[in-house]
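Keep in mind that the numbers below use all heavy atoms, side chains included, and drop hydrogens, waters and symmetry copies. All ligand and atom numbering here is 1-based and tracks the order in the structure.
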Amino acid sequence: MHTDTRAVHLGVGYDHKGAISVPVYQTATFQHPALGRSTGFDYSRSGNPTRRVLEDGIASLEGGCRGFAYASGMAAIANLLMLFSSGDHLIFTEDLYGGTYRLLEQVFNQYGLQVTYVDTSDLEAVAAALRENTRAIFMETPTNPLLKVADIAATAQLAGDRGLLFIVDNTFLSPYLQKPLELGADVVVHSATKYLGGHNDLVAGLVVVKEEKLAEKVYFLQNSVGAVLGPLDSWLLIRGIKTLGIRLERQQENARVIAGWLTLHPRVQKVYYPGLPEHPGYKIMQKQSRGFGAIVSFEVTEEELVKQVLERTRLISFAESLGGVESLITFPAVQTHAEIKEEIRERLGINNRLLRLSVGIEAVEDLLADLEVALS
Ligand SMILES: *Cc1c(COP(=O)(O)O)cnc(C)c1O
């Protein structure tokens, strides 16, 4: 079955009384039928039926063997980092999500993880960063907020040749548009707060692992650390995932129109959208993704315009996050990438004129009218 069909049918048929919507198993613990016997569920940190439907569902959508649900995207990423030991070296995308960067620089640095940040859209740069103690490559594609595109299959080849674990943060596209495991990655991680949840109403993280041996280790860590997603949030996330395809179709179409409109606007200097044929990642995206996503970043001509745009948009809310049905606008240099030093930000292009738009499902004419007023 297609991804869309599987997404819509998450949880259908689970309930023995025939409920179409999977029940919220709001319980901490489970009765044992007899000594030494279990229903398959013992305690909700170790496993919960509502969470299980979600975990099996995301595994199926990403094409992995097992899924894991966490209290946030950061909890999911932290759990993955615990697979490594002091002295291990890892390679990360340089324009990484700010929270992941902070976790590495201010938390995991205490435990002796060595990290190199490289432009993962440049395979030679990735190869040049390899060391004897390199254990993994972790990348985002497209990146946040500059939408740089990396070749997943080529990176998987490089990682495979060296026996490295290859992890892809697939938050920006979701399995509806991109399936890194099918392209050779070992692990996919999501901030499900974004497209998978899709309604700006919950915080959640997901991990999908391709092979059982690694899944055992991830499960051990999920249960040992305990940053699991609760039953009610699991249920909300299942409900969100059901409409993933239809939301993304509309969001991408809106994004395509807005990106084209922005390129012609006199107060916009530069537009970053991988669906524009002049974008350097356009060809790779065509090869490895089913679409270009719905994040559009753009640079205005003057710094003063940033404040004006953020304060004047009515329909588009000035807020962090992305991926929901409501359009949001963010100022990455201050909101999401404040943890990254200014000189590094400038070099990467995350300057004080850059804005990031997460395009929602509103009528595109209304979004354009809002942007026109804000920019004029
Ligand atoms: C938001 C985000 C995260 C962190 O997820 P939370 O759910 O906010 O903890 C990680 N990676 C990317 C690419 C994100 O956009």
- Task: Starting from atom 4 (C) of ligand 1, locate the nearest protein heavy atom and write down its residue, its atom name and how far away it is, to 0.1 Å.
- Result: Tyr97 CE2, 3.4 Å
- Task: Mind checking whether Ala204 contacts ligand 1 via backbone (N, CA, C, O), side chain (CB onward), both or neither, at a 4.0 Å heavy-atom cut-off?
- Result: backbone
- Mark yes when over 12 heavy atoms from residues, nucleotides or ligands other than Leu232 sit less than 6.0 Å from its CG; otherwise mark no. yes
- Item | Tyr117/Tyr101 aromatic ring centres below 6.0 Å | yes
- Note on the structure: Numbered in order shown, the ligand 1 atoms found under 4.0 Å of a heavy atom of Met74 are 4 (C), 5 (O), 6 (P), 9 (O)
- Message: Regarding ligand 1, does Lys194 bring an N or O atom to under 3.5 Å of one of the ligand's N or O atoms?
- Response: yes
- Please say whether Thr193 places an N or O atom under 3.5 Å from an N or O atom belonging to ligand 1. yes
- Under 6.0 Å from the six-membered ring centre of Tyr219 and within 45° of its axis: does the NZ or CZ of Arg66 meet both? yes
- Query: Would you say the side chains of Arg45 and Asn223 form a donor-acceptor pair under 3.5 Å?
  - Reply: yes
- Message: Counting non-hydrogen protein atoms only, what is the nearest one to atom 12 (C) of ligand 1? Give residue, atom name and distance.
- Response: Asp169 OD2, 3.5 Å
- Message: Is a donor from one side chain sitting under 3.5 angstrom from an acceptor on the other, for Thr134 and His89?
- Response: yes
- Message: Show me which atoms of ligand 1 lie under 4.0 Å from any heavy atom of Gly73.
- Response: 5 (O), 6 (P), 7 (O), 9 (O)
- Message: What I want to know is whether Glu140 and ligand 1 share at least one N or O pair that is separated by under 3.5 angstrom.
- Response: no
- Message: Walk me through whether Tyr282 and Phe292 qualify under ring-ring contact (aromatic ring centres under 6.0 Å, His included).
- Response: CA-CA 8 Å; Tyr282 180 75; Phe292 300 101; 5.3 Å; yes
- Message: With a cutoff of 4.0 Å, is Ala76 in contact with ligand 1, counting heavy atoms of the residue only?
- Response: no
